[in-house]
Amino acid sequence: MNILTINILVVLFCLIIGYFFGSIPTSVWVGKIFFHQDPRDYGSHNAGGTNAGRLWGKKVGFVIIMLDMIKTIAPVYAMWAVLTFAQFDYAGITDAGFTSGLHALVADVKTFYTDLNSMYAIQWPVYWITAVGVMVGHCWPMFAGFKGGKAASQFMGITVMTSWMLGFLPGFFYLGTLKWKKMVSFSAICQAIFVSTICWIWAILIMIPNFIPSDLKWLPMWGPALNPNWVYATVVTFLGAVMVWRHRENIKRIKEGTERKITWMK
């Protein structure tokens, strides 16, 4: 088995694990167990925390949002642990015609990604791909008839729970836009654009030779184990794009001036 095959299989595995976790319909199960209601039958007909909060109270909505964020980040950290400690050693790859120059190839790849000190075949932070599977599962859950939420909690989960910078700065930005427009959907869309921009700025900065010391490249994250490189920025941008697309009806109502506004923030 060659390096390309191993990496493809690992990507697929991350996507499947993420999709399984993302398919857990938190608000649907909470609604049916505790309130004997399906949130998709009421309000905005959405299976997210915001609609749940309108139906069953702010505290319930907050709990559902937190659970959705946890179900997003838990498999990401789990796959990080697996790919960090599992020894996918390229020395064991013996395909005919492929081993020539393999050591140099892996060395070049390691130099490009600059995030692993191992000699493993998987030389890039593929664990971020798990978040893509989670978002797909949340939006189209196999445990709830493929009718899920709009992925705002998933976007917050992968950003807030991996990076302090993406928690505080966009958090203030989100609250500011929410106070300004009083629309959750508008704030979520603006936050996605803001966060993606920050991620790409940092990813570009760490790729510039000697611009940021290597031991400080992880600085925006909660710890040095996670890599905020272009893979992270790509995944965050993709998740943000999906979330914006899932809010297309809200965007239409915002343009028409009919989008529902919150009343609890003065």
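Just so it is clear, the model here is predicted, and its values are computed rather than measured.
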- Query: M161 versus I70: any side-chain heavy-atom pair under 4.5 Å?
  - Reply: yes
- Task: Quick one: closest heavy-atom pair of M79 and T130, and the distance?
- Result: CG-OG1, 3.3 Å
- Message: side-chain contact (heavy atoms from CB on, under 4.5 Å) for V195 and F155? Distances and angles first, verdict last.
- Response: CA-CA 10 Å; V195 168; F155 185 79; 3.8 Å; yes
- Message: Quick check against the 3.5 Å criterion: does W202 have a side-chain atom that pairs as donor or acceptor with the backbone of W218?
- Response: no
- Is the side chain of R253 donor-acceptor paired with the backbone N or O of R260 at a distance under 3.5 Å, no angle test? no
- Closest heavy-atom contact between I206 and P228? CD1-O, 3.8 Å
- Item | Within one Ile-Leu-Val-Met-Phe-Trp-Tyr cluster: I251 and M243, side-chain cutoff 4.5 Å | no
- Query: With hydrophobic residues grouped by side-chain heavy-atom distances under 4.5 Å, do I201 and F194 end up in a single group?
  - Reply: no
- Donor-acceptor contact present, side-chain D68 to main-chain G49, <3.5 Å: no
- Item | Approximate separation, where rounding is to 0.5 Å, of I73 CD1 and Q154 CD | 11.0 Å
- Closest non-hydrogen atom pair between H247 and S185, with its separation: CD2-CB, 3.8 Å
- Do S163 and Y232 have side-chain atoms, one donor and one acceptor, less than 3.5 Å apart? no
- When clusters are formed by joining ILVMFWY residues with side-chain heavy atoms under 4.5 Å apart, either directly or through shared neighbours, do Y127 and W222 land in the same one? yes
- Query: Would you find more than 12 non-hydrogen atoms of other residues, nucleotides or ligands less than 6.0 Å from F62 atom CZ?
  - Reply: no
- First locate atom CG of N227, then atom CH2 of W80, and finally report the distance between them rounded to the nearest 0.5 Å. 12.5 Å
- Message: Between Y174 and V184, is the side-chain contact (heavy atoms from CB on, under 4.5 Å) condition met? List the steps.
- Response: CA-CA 9 Å; Y174 177 87; V184 173; 3.4 Å; yes
- Gap separating the CD atom of Q191 from the CG atom of L166, nearest 0.5 angstrom: 9.5 Å
- Hey, are the side chains of V10 and I129 touching, using non-hydrogen atoms and a 4.5 Å cut-off? no
- Message: Any heavy-atom pair between the side chains of I65 and M69 that's under 4.5 Å?
- Response: yes
- T50: side-chain hydrogen bond (donor to acceptor under 3.5 Å, both in side chains) partners, not counting sequence neighbours: none
- Item | Verdict with supporting geometry, W29 and F143, side-chain contact (heavy atoms from CB on, under 4.5 Å) | CA-CA 10 Å; W29 287 357; F143 300 135; 4.1 Å; yes
- Query: Can you tell if the side chain of Y42 reaches within under 4.5 Å of the side chain of Q37, non-hydrogen atoms only?
  - Reply: yes
- CD1 of I158 to CE of M135, rounded to nearest 0.5 Å, is 9.5 Å
- Query: Under 3.5 Å, side chain of R40 to main-chain N/O of A144, donor-acceptor pair present?
  - Reply: yes
- Same apolar cluster (I L V M F W Y, side chains within < 4.5 Å links), W128/V132: yes
Identify all side-chain donor-acceptor contacts of residues 15-25 below 3.5 Å with residues at least two apart in sequence or on another chain.
unit_1, atom_1, unit_2, atom_2, d
Y19, OH, W140, O, 2.8
Y19, OH, M142, N, 3.4
S23, OG, Y19, O, 2.9
S23, OG, M142, N, 3.3

- Query: Would a 4.5 Å heavy-atom cut-off, applied to side chains only, mark T159 and P170 as touching?
  - Reply: no
- Min side-chain heavy-atom separation R54-S44 under 4.5 Å: yes
- Does a sphere of radius 6.0 Å around CZ in F35 hold more than 12 heavy atoms from other residues, nucleotides or ligands, not counting ones at 6.0 Å or beyond? yes
- Smallest heavy-atom separation, L226 atom then Y77 atom, equals CD1-OH, 3.6 Å
- Under the side-chain hydrogen bond (donor to acceptor under 3.5 Å, both in side chains) rule, collect the residues that match up with T237, sequence neighbours excluded. W200
- Query: Between atom CE of M183 and atom CD1 of I254, what is the distance when rounded to the nearest 0.5 Å?
  - Reply: 5.0 Å
- Message: Using every non-hydrogen atom in the two residues, find where S196 and V236 come nearest and quote the distance to one decimal.
- Response: OG-O, 4.0 Å
- Message: Tell me the closest heavy-atom pair linking W56 and I64, and the distance in Å.
- Response: CZ3-CD1, 4.0 Å
- Close side-chain approach of P220 and I198, heavy atoms under 4.5 Å: no
- Item | Within 6.0 Å of CZ in F13, more than 12 heavy atoms from elsewhere | no
- Query: Does one hydrophobic cluster hold both W230 and I193, with members joined at side-chain heavy-atom distances below 4.5 Å?
  - Reply: no
- Item | Rounded distance [0.5 Å steps], CD1 in I212 versus CE in M207 | 11.0 Å
- Query: Quick one: do the K147 and H45 side chains pair a donor with an acceptor below 3.5 Å?
  - Reply: no
